[in-house]
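Excluded from the calculations below are hydrogen atoms, water molecules and symmetry mates; all remaining heavy atoms, backbone and side chain alike, are included. Every chain is numbered from 1 and lettered A, B, ... according to where its sequence line falls, protein lines coming before strand lines. If you're wondering where the values come from, they're calculated on a predicted model, not measured in any experiment.
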Protein chains: 4
Amino acid sequence: MSLRERKAAKKKEDILRSASLVISRNGYQNATMEDIAAELLMTKGSLYYYFKNKEELLYNCHNLILSSAMEKLEAICSEKISSMDKMKKVIKAHLDIAIREKEVFNLIVKPEQLFSEENIEEIIEKRDNYAKIFDRVIAEGVKNEEFTISNPKMARMIILGASNWVQVWYSAEGQYSKEEIEDIYAEYFLRMLV
Amino acid sequence: MSLRERKAAKKKEDILRSASLVISRNGYQNATMEDIAAELLMTKGSLYYYFKNKEELLYNCHNLILSSAMEKLEAICSEKISSMDKMKKVIKAHLDIAIREKEVFNLIVKPEQLFSEENIEEIIEKRDNYAKIFDRVIAEGVKNEEFTISNPKMARMIILGASNWVQVWYSAEGQYSKEEIEDIYAEYFLRMLV
Amino acid sequence: MSLRERKAAKKKEDILRSASLVISRNGYQNATMEDIAAELLMTKGSLYYYFKNKEELLYNCHNLILSSAMEKLEAICSEKISSMDKMKKVIKAHLDIAIREKEVFNLIVKPEQLFSEENIEEIIEKRDNYAKIFDRVIAEGVKNEEFTISNPKMARMIILGASNWVQVWYSAEGQYSKEEIEDIYAEYFLRMLV
Amino acid sequence: MSLRERKAAKKKEDILRSASLVISRNGYQNATMEDIAAELLMTKGSLYYYFKNKEELLYNCHNLILSSAMEKLEAICSEKISSMDKMKKVIKAHLDIAIREKEVFNLIVKPEQLFSEENIEEIIEKRDNYAKIFDRVIAEGVKNEEFTISNPKMARMIILGASNWVQVWYSAEGQYSKEEIEDIYAEYFLRMLV
DNA sequence: CATGAATGAGCGTTCATTCAT
DNA sequence: CATGAATGAACGCTCATTCAT
């Protein structure tokens, strides 16, 4: 990659980070191109040099978050620990991201409404791949008899659903800290699995 | 109520139903007054005869769903059955509504972004009252020792969160029927509670 | 006139009075048909039975005020008093109406913007007739040498202009009472005329 | 100021001029953003690049006229001439502006109906400052005994009122030229003051 | 006669997108 | 490359007007 390309790549990342921030603050629908640009002291026109339109920008934003999340989970998956411990760690990591990235993570919720057919397929595929990590951990636990669950897919849906919902009500000033929530959630989910 | 008033009340309901439909199809932010009116073969101007603005319309839409949901759950609550059975029924009823009303039910998710200060307080109160039904059932079960759970509030959050998430992925053509999902979810949640 | 006609005529006057009131309160442009009707506990649809459209209603409103004003001034004109006294009385009467009817009287200001060609001619004619009353008093005073003024038309413009302007700034709570203003204005105008 | 900024400033002025024109033609309430833009061969959306909304645009329009008017009058005020001559000049200058700017100057009339609380205070203050110029000239004339008037404030109201009214009836094709009107008005007002 | 209901044209405003410089 | 500027389509909302009942 040439210097120029590296510079452009870096700028792209900056923009995505800014977009994440603005979306977190205002929600997706209220995040205007102007806002995203202003955060970087650019003008909105310039954004179109890096991304061909708003959807494209958002698509990349979504991918960035999801990819980094996947990396983290994959790393946990390859650790040599019990399924229960692996599950605990995976749940906590997921909650951590879901809470920290709030709105951006929320892009995952309704992709059909935000993205056009062009991108939607790939988005759903990535989302599925992300979910499959949980499926794998559950399957592993079932196989080595740590978990006793008849319908692993449903268990995964419950775990992910409940976790994703946390960002709906979580507040840093709330009764429970992020860490407490992660612990309690992990505990309850395991009660369900074993 | 006079005939006139009944007719007007019916029209209002028609509009709310149309709004529900459009919101389900396009999501809240993309549901235009024009769309809502078109569904009823009206012009958007006419909607303003019945509701003073879009927020008011949506607020009523939200209330309609939530009120009817509460009624159903309250009815279940006053039945004389075990806490476990009550919980099962309540979960199924909730899932039933969440799936059928999809997006409209989803208005409950981010009221801060959709409603102005005027309405938000009452909305949150109603949402809380709804959640309290689950709290009551859990408390009851804990009291008569059917449930063994140390943190009832978190359990409720998990149950509601996971349930609300169903509408994100549920499709009538999917692998599981609505009834199957309800059964499995109820079972898993109870595994967590007992 | 039949009873029915008399009843309709009375209703028409009620409407005009209501219109005057609403216009005084909100200004012409912000006086909606709904407001005018509401004042009479009617619905706006009914207004169209009596007046074919808003302009027609306003046109009549304008005429009502102007006609009654003319009557008062004509009466003063036919009194057997000195030109100076006549002028004083006429000025005071005009000020009295201009202040009391404020906004409605203001309709006279920009008829071209409010009325269509259909009505405008007659409106201007009436306005001119009203002004001619002042011209007559001035002419009379010049003839019997009470006034020494070279350009009577201009004097009239100044008198009417300054008087009409009063409603722009007059407030019942202001430093001067209506009567004081009338006295001072009359005095100053006469200083100008003699 | 850079070239860019000068260009933008010029465009802003162009818009204000266009707004003045349209307002003069149609009156304030009937001057649409579309009209104002069309006059400059722009689309209405573009106006929002320069002014954040219609009120802001109009507020600036009003300020532009009033500021330039004040400058002219202040200049006259600091001349070393008799109070009578000063008054004459000030009246003529005011009439000149009132006639030429017609409707825009008329914005001053009913600011309460046109502007929101945000701007109204400043507008009224500016209007008052403008009026105070006349008060000063009158006070000066009273002090050096050129004028013999007992109620200077009322005299000012009459002068400004009558002058402002000119634009109501003035037409370039009328019987009197602008200059003739200015002369006659000045003469009559002075008759009143001395 | 009066009303409830509906209409439709128009307005202010927002915002993603484009493009010459 | 970046920007200032412009565009145009869309949206929420208002209101005079119409008309069946």
Side-chain angles (χ1 to χ4, degrees), chain A residues 4 7-8 11 29-37 40-58, chain B residues 2-5 7-8 11-12 15 29-37 40-58, chain C residues 4 7-8 11 29-37 40-58, chain D residues 2-8 10-12 15 29-37 40-58:
Chain A
R4 157 169 302 169
K7 252 189 161 174
K11 194 90 189 184
Q29 298 272 9
N30 302 318
T32 71
M33 294 297 269
E34 191 115 38
D35 292 339
I36 295 169
L40 293 163
L41 306 178
M42 304 170 76
T43 53
K44 59 180 166 178
S46 312
L47 297 181
Y48 288 84
Y49 180 78
Y50 300 96
F51 300 97
K52 80 168 201 275
N53 55 31
K54 195 182 176 186
E55 180 180 342
E56 195 73 16
L57 200 168
L58 248 44
Chain B
S2 77
L3 177 65
R4 270 268 150 73
E5 279 165 334
K7 252 187 162 173
K11 193 90 190 188
K12 270 192 163 192
I15 293 173
Q29 299 269 13
N30 302 319
T32 71
M33 292 300 267
E34 193 123 33
D35 291 340
I36 296 170
L40 294 164
L41 304 179
M42 303 170 77
T43 55
K44 61 178 169 175
S46 309
L47 296 182
Y48 289 86
Y49 184 77
Y50 297 95
F51 299 96
K52 79 169 201 278
N53 55 32
K54 192 182 174 185
E55 182 178 341
E56 195 74 15
L57 200 168
L58 250 57
Chain C
R4 157 170 302 168
K7 252 187 162 174
K11 195 91 190 184
Q29 299 272 9
N30 301 318
T32 69
M33 293 299 268
E34 192 116 37
D35 292 338
I36 295 170
L40 293 163
L41 305 179
M42 303 169 76
T43 54
K44 60 180 166 178
S46 312
L47 297 181
Y48 288 84
Y49 179 79
Y50 298 97
F51 300 98
K52 81 169 199 274
N53 56 30
K54 195 182 176 186
E55 181 180 341
E56 196 73 16
L57 200 168
L58 247 46
Chain D
S2 77
L3 178 64
R4 270 271 149 74
E5 280 166 334
R6 275 215 307 282
K7 253 189 163 172
K10 175 159 178 351
K11 193 90 192 188
K12 270 192 164 192
I15 293 174
Q29 299 269 13
N30 303 317
T32 71
M33 294 299 268
E34 193 124 33
D35 290 340
I36 295 170
L40 293 164
L41 304 178
M42 303 169 77
T43 54
K44 61 179 171 176
S46 309
L47 296 182
Y48 289 84
Y49 185 76
Y50 297 95
F51 299 97
K52 80 168 199 279
N53 55 31
K54 192 182 174 185
E55 183 178 341
E56 195 75 15
L57 199 168
L58 249 56

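Between the side chain of B:K44 and the base of F:dG12, at least one donor-acceptor pair of N or O atoms lies under 3.5 Å.
Taking every side-chain heavy atom of D:K11 into account, F:dA6 is the closest of F:dA6, E:dG12, E:dA16. Nearest nucleotide to the side chain of A:N53, out of F:dG12, E:dG12, E:dT17: E:dT17. Among the nucleotides E:dA2, E:dT18, F:dA6, the one closest to any side-chain atom of D:S46 is F:dA6. For C:T43, taking side-chain heavy atoms from C-beta onward, the closest of the listed nucleotides F:dC13, E:dG4, E:dG12 is E:dG4. Closest to the side chain of B:K54, out of E:dC11, F:dG12, F:dA5, is F:dG12.
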Apply side-chain contact (heavy atoms from CB on, under 4.5 Å) to the pair C:Y50 and C:M42, showing each step before the final yes or no. CA-CA 12 Å; C:Y50 298 97; C:M42 303 169 76; 4.2 Å; yes

Exercise for review: Decide yes or no on side-chain contact (heavy atoms from CB on, under 4.5 Å) for B:E34 and B:T43, but give the supporting numbers first.
Suggested key: CA-CA 7 Å; B:E34 193 123 33; B:T43 55; over 6 Å; no

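Among the atoms of the strands shown, none is found under 4.0 Å from any heavy atom of D:F51.
Of the side-chain N and O atoms in B:Y49, one or more sit less than 4.0 angstrom from OP1 or OP2 of E:dA5. For the OP1/OP2 pair of F:dA6 and a distance below 4.0 Å, the side-chain nitrogens and oxygens of D:Y50 include at least one atom meeting the criterion.
Across all strands shown, F:dA20 forms a Watson-Crick or G-U wobble pair, both distances under 3.5 Å, with E:dT3.
Put simply, CD on C:E34 is 15 Å from P on E:dA6, counting in whole angstrom units. Rounded to whole angstrom, the span from the NZ atom of C:K7 across to the P atom of E:dC1 amounts to 8 Å. To the nearest angstrom, C1' of F:dG4 lies 12 Å from CD of D:E5. Straight-line distance from the CD1 atom of D:I36 to the P atom of E:dC11: 11 Å, rounded to whole Å. For the pair C:Y48 OH and E:dA6 P, the interatomic distance rounds to 18 Å; values are reported in whole Å. Per the geometry, CD belonging to C:Q29 stands 13 Å off C1' belonging to F:dT14, to the nearest Å. The CG atom of D:N30 sits 9 Å away from the P atom of E:dC11 (whole-angstrom rounding). Rounded to an integer number of Å, the gap from C:L47 CG to F:dC19 P is 17 Å.
For the residue pair B:M33 and B:L47, the shortest heavy atom distance occurs at O-CD1, 3.4 Å.
In terms of modelled atom types and a separation under 3.5 Å, the side chain of A:K44 and the main chain of A:D35 share no donor-acceptor contact.
Between D:R4 and A:E55, the one whose closest nucleotide on DNA chain E sits nearer the 5' end is A:E55. Residue whose closest nucleotide on DNA chain E sits further toward the 5' end, between C:G45 and B:M42: C:G45.
Atom CD in B:E5 sits 11.0 Å away from atom NZ in B:K12 (nearest 0.5 Å).
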